[in-house]
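Accompanying notes for the structure given below.
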Amino acid sequence: GNMWQKVRSMWAYAYDHYLDDYDYFHIGGDDMYVAVDNMRAYLDGPEVKRLTNGYMDAISNFSKYSDRAQEWAAKRPRPLIFGIPMCHFKGFLFPSGGPGYTLNRAALELFGRRGLKEFFPDQKTSQEDAY
């Protein structure tokens, strides 16, 4: 199948129709379970508040991302993505699609404005986590 284009289409739809309606957006397959109360508690919790306010975690301080991360740390609202980070053999991180991942509104806005046009717009692959 062409999973990456399906995932891009889902994010584009959320961006076009729901960007201003929700604080967070989650994507995951039909073979996963989300404990919504736990997710809500985490997203409302102190760790996410610290990240929102500019705290740079270990992933943000990863050498390949430190320049961009510093720029994002200064933005308000700060784009955030939550999920299982996977390391590509070329040394960059991306969210693993298997367990799903969550974007805050600022991250979806950034991806919708820039990523949908620039990030593998013509790639055809069965992988949902394109890199």
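Bear in mind that the values here come from a model prediction, so they are computed numbers and not experimental data.
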Could you grab the distance from atom [atom1] of [X] to atom [atom2] of [Y], nearest 0.5 Å is fine?
X	Y	atom1	atom2	answer
Leu51	Ile81	CG	CD1	12.5 Å
Leu108	Leu19	CG	CG	5.5 Å
Glu47	Tyr55	CD	OH	8.0 Å
Glu109	Asp20	CD	CG	9.5 Å
Asn53	Arg76	CG	CZ	6.0 Å

With sequence neighbours left out, write down each residue that passes side-chain hydrogen bond (donor to acceptor under 3.5 Å, both in side chains) with Asp21, or none if nothing qualifies.
none

State which residues pass side-chain hydrogen bond (donor to acceptor under 3.5 Å, both in side chains) with Asp37; sequence neighbours excluded, sorted by chain then number.
Arg40

Residue set satisfying salt bridge (Lys or Arg N to Asp or Glu O under 4.0 Å) with Asp23, at least two apart, ordered chain then number -> Arg105

Check the surroundings of atom OH in Tyr42: do more than 12 heavy atoms from other residues, nucleotides or ligands lie under 6.0 Å from it?
yes

Taking all non-hydrogen atoms of both residues, which atom of [X] and which atom of [Y] are closest, and how far apart?
X	Y	value
Gly100	His26	C-CE1, 3.9 Å
Ile27	Met10	CD1-CE, 4.1 Å
Leu110	Pro79	CD2-CG, 4.1 Å
Met39	Thr102	CE-OG1, 3.8 Å

Heavy-atom distance under 4.5 Å between the side chains of [X] and [Y], does that happen here?
X	Y	result
Phe25	Trp11	yes
Val48	Asp44	no
Tyr15	Arg113	yes

Hphob cluster co-occupancy, Tyr33 + Tyr101, side-chain heavy atoms under 4.5 angstrom
no

Do Met32 and Tyr24 belong together in a cluster built from hydrophobic side chains that touch within less than 4.5 Å?
yes

